[in-house]
Each structure stands twice: as C-alpha cells, then as structure tokens.
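Reviewing the structure listed below.
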Number of protein chains: 2
Amino acid sequence: MDATSGSARVTARRAATRETILAAAWDLAREDGLTVFTMRDLAARVGMRAPSLYEYFSGKDAIYDAMFAQGNRAFLAAVRALPGPTEIGARASLIGAARAFLDFATTDPVRFQLLFQRSIAGWEPSPEAYAPAIEAYELMRVHLGVTGVTDQRSLDLWTALTSGLAHQQVANDPGGRRWHDLVDDVVDLFLAHLTHDPEGSTHDGRP
Amino acid sequence: MDATSGSARVTARRAATRETILAAAWDLAREDGLTVFTMRDLAARVGMRAPSLYEYFSGKDAIYDAMFAQGNRAFLAAVRALPGPTEIGARASLIGAARAFLDFATTDPVRFQLLFQRSIAGWEPSPEAYAPAIEAYELMRVHLGVTGVTDQRSLDLWTALTSGLAHQQVANDPGGRRWHDLVDDVVDLFLAHLTHDPEGSTHDGRP
DNA sequence: GTCTATACTGTGATAGAC
DNA sequence: GTCTATCACAGTATAGAC
C-alpha cells in the first residue's frame, strides 16, 4: 500500500499498538465490566494518557467496534472449525454446533455479552465489524442445509433453541453446566421436528 | 401506620410523586434508551430540577430498582392471568403461557431488556424488587407441574425454549412475528420431549 | 508521528440557602 | 421540599512539546 518501506513500518507499528490497546481493553472489560472501564484506565494499562488513545481509535465506540469485530472473527473461526454433517452425521454435527456455541458463550461471558446481547448504551456495530457474523450465519445455514434443513422457519427455530440455551446458561448458571447438559435433548427435539415437518409447513391442518 | 392523618397525607403525596417520576422514567427509557436518559432530563419531565429527585429516590439505581419491581409485578400479573392446564388442557395451557411471554417481551422491549437482559452497567436488582420474579417462576413451576412436568431438567428446557424465542424475536425482528409464530411448534416439541422422557432421564443408555 | 497537558462539556450526586 | 451552586469524574477536543 505505502510507497516507502518507512511508512510500511510505521503502519505495522500502529497496528501492533492497536492490538495492545485492544488486548488491554478485553482485560479491563472482563475485570470491571464492558462499559465500566474508562479511557483513562485503558490508557494507564498500556502506559499512556487518555488522549493518546485517540491516535489509534476515534473514540470508545471505535474500541467497542474493534472488539466486536475481533470477537466475531473468533466466532466465525469456531464455526469454521466444526466438522460437517457429511463427515459425522446430522445428529453429531448439530450437537457439535450447539456445544460449540455454548462453549463460546460460557468461555468468555463478556465477549458473549458484547456480541449477542446488544447492551451498550447508544452503540451499535459497524457493517464491517458485523460482516463475520453474517458469514458465520450463512455457514450455519449451509451446515443445516446438509442435514436437510432448508426452510427459514426451521433455521429460526434452531437459532432460538441454541440462543435460549446460551442465554439461560450465562444468565442463571454462569460457570455451570445446567443448560449445557440439555444440548443433546434439544438436538433430538430439533431432529424430531424435522422428521414431522420436513418442509416447514405452516400447520394449517393441525388438529 | 402514621400517628397523625397529616403525615399519612404527606406519605400518600410522596408516593404519588414517586409514581409520577417512575412513569416519566419509563417514557424517557422508551424514547431515549434505558441508560441514556439523564437525571436532569427526568427532572425536567416532571417539572423539577435534578437534585429534587433525590428526595424521592436515593439515586438513578434506585429508580431502576423501582422500575424493575414495577415491571416484575406486571409480569407476575400476566402469569397469574393465565388459564390453568386443568381448565384448557396441557397443550393450550403451554401455548398460552409461551404466547403471553412473547407478548410481554414484544409489547415493551425496554421493559423486557430491564427485566430479562441484565444490561445496566454496575446495577443489579434488590432482593425485594426481584421477589415477584421468583413468585412468577414458582407459579410457572406449578403450571408445568399440572401438565406433568416435575423434573428440573424439563423446567430448565422450558425456560430455555421460551427465552430463546423471546430473545430472538426482540433482537432480530422487533415488531414482527417471526419467532412468535414458532410458539405452537416449540410447544409440540416440548410435549414430545415429555412423552419420550417422562421422568427427565439423564440418557445414559441413549444409542 | 507520538504523546502530553490542559480544558471543555455533560454526568450522577451532594451541600446548604430559602 | 425545592432550589442554586458545586463537586468529581466521564468522554473527548485541541494545542503544542519532543
């Protein structure tokens, strides 16, 4: 990109400093809370004064945005690492996907809060930061497609089931396994639903 | 309670002013966001200056606490209004309960956010404000008990299913019906689960 | 280029006059 | 009870030292 190797080196240095700041921001968010840590706290953590942070991020919201992007890339990587249904079968594949989601949620509740519980005052993620989330969703759609799920209703059902487990686990049994241990049951329910409703009917004729 | 009718009248006046302030707080929360409105905004809404609010609430957190208590009493009332399974049958009863929860969530998303998505910075509700939530949960436990659900696993499954639908609906289709329309399916899945697993086994021998 | 000192605005909260 | 004045602290803008 840059015309000289000098400015390329500067660019790399800037990127490294940005990473340092982001890592410190994650630490502070996990220690004090996502919205509790201050720009002065964060600056002190990396050996700066608050105004210096604005050389690397346009503001606190931009830091949240970069954290959101980082978290979403980690989530996308976790989804990409899932074995496909063709390799291990539909049931094992769905169980793996659900477990991965629960693991992702419980491993770092603050990250889960940032990514999946839109909870920061006036902030919302930029389209670029959100892009990996869309990609992960599309990947999950393909994943389910291989198991025979093609209708939107079943896909919505799947997201409701998994997000319900994750939310309850994080909110009501942090660090525990109460809802995590329901994953197998939930997958079997989902599979039963597919068997009875292969094309996602609207149930007009239900008794 | 008070020794004189004069102080009783004062107490009633204070309670009325508290209600006025709370109503204005709900309005502002719905307009600007739960954590966005300021004490000065709120005071102006009721014709006061900010410091006067501290005569009625010890601080902003106390206002959140009173709002939380109010919201939870409304939720408890909604749960109490549900027809029991003995009157309309298990399936209709569960559908009614789930629909009521989704309605409660979508009718006032800000209230849902306050009650069910613990999202305010350092705040958490007082035990007194939380008490109606426990009562509603116990009522729901009785509700499910009549339909034959007595084990904790199935109860946890039920809360995961309904909260998953509600969260997805509020987060991804506010004002719409996408997850709301899945209630009947989810109830049928839940009932199928009960049929196959009447005592909430731990599935040690599952193939 | 990178960082600092300084300062501005707005927040929740408090002290004390009336 | 309600006010004015003020506090400490937040995020952030700017000007300039090195």
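Below, read A as the first sequence line, B as the second, and so on, with proteins coming before strands; counting in each chain starts at 1.
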Exercise. In whole angstrom, give the distance that lies between atom CD of Glu55(B) and atom P of dG12(C).
Key: 18 Å
Exercise. Indicate, with a heavy-atom threshold strictly under 4.0 Å, whether Thr38(B) touches base, sugar-phosphate, or nothing.
Key: sugar-phosphate
Quiz item: Under 3.5 Å, is there a donor-acceptor pair between the Ser154(B) and Asp151(B) side chains?
Solution: yes
Self-check item: Interatomic distance, Tyr56(A) OH vs dT12(D) C1' [rounded to whole Å]
Solution: 18 Å
Exercise. Could you tell me the separation between the CD1 atom of Ile63(A) and the P atom of dA10(D), rounded to a whole number of Å?
Key: 14 Å
Exercise. Mind calculating the distance between CG (Asp41(A)) and P (dA10(D)) to the nearest angstrom?
Key: 7 Å
Exercise. Verify the contact: side-chain N or O of Ser52(B) to OP1 or OP2 of dG1(D), cut-off strictly under 4.0 Å; return yes or no.
Key: no
Exercise. Measure from CG on Leu34(B) to P on dT11(C) and round the result to the nearest Å.
Key: 16 Å
Quiz item: Is Arg14(B) touching bases, backbone alone, or none of the nucleic acid, heavy atoms closer than 4.0 Å?
Solution: sugar-phosphate
Quiz item: Counting distance only, does the side-chain N/O of Trp123(A) pair as donor-acceptor with the main-chain N or O of Tyr64(A) below 3.5 Å?
Solution: no
Quiz item: Base, sugar-phosphate, or nothing for Phe37(A), non-hydrogen atoms under 4.0 angstrom?
Solution: sugar-phosphate
Self-check item: Residue mapping more 5' on DNA chain C - nearest nucleotide basis, Thr35(B) or Gly47(A)
Solution: Gly47(A)
Exercise. For ring pair (Phe, Tyr, Trp, His ring centres under 6.0 Å), just list the numbers for Phe116(A) and Phe75(A), CA-CA rounded to whole Å, side-chain angles, deciding distance to a tenth of an Å, and then say yes or no.
Key: CA-CA 11 Å; Phe116(A) 297 106; Phe75(A) 180 65; 5.3 Å; yes
Quiz prompt | Geometric cation-pi criterion, Lys60(B) with Phe37(B): 6.0 Å, 45° | solution = yes
Practice problem: Begin with the C-alpha distance, continue with both residues' side-chain angles, and end with the deciding distance and a verdict on side chain to side chain contact (heavy atoms under 4.5 Å, CB included) for Phe101(A) and Leu165(A). | Solution: CA-CA 9 Å; Phe101(A) 187 56; Leu165(A) 289 173; over 6 Å; no
Exercise. Verify ring pair (Phe, Tyr, Trp, His ring centres under 6.0 Å) between His167(A) and Phe112(A), making sure each step is shown before the conclusion.
Key: CA-CA 9 Å; His167(A) 274 91; Phe112(A) 181 73; 5.4 Å; yes
Quiz prompt | Separation of dG11(D) P from Leu42(A) CG (nearest whole Å) | solution = 10 Å
Quiz item: Okay, side chain of His143(A), backbone of Leu139(A): is any donor-acceptor separation there less than 3.5 Å?
Solution: no
Practice problem: Give a yes/no on whether any side-chain N or O of Arg49(A) is located under 4.0 angstrom from OP1 or OP2 of dA5(C). | Solution: yes
Check: protein-nucleotides 13-17 of chain C nitrogen or oxygen pairs below 3.5 Å:
{"unit_1": "dA13(C)", "atom_1": "OP2", "unit_2": "Tyr54(B)", "atom_2": "OH", "d": "2.8"}
{"unit_1": "dA13(C)", "atom_1": "OP2", "unit_2": "Lys60(B)", "atom_2": "N", "d": "2.9"}
{"unit_1": "dA13(C)", "atom_1": "O5'", "unit_2": "Tyr54(B)", "atom_2": "OH", "d": "3.3"}

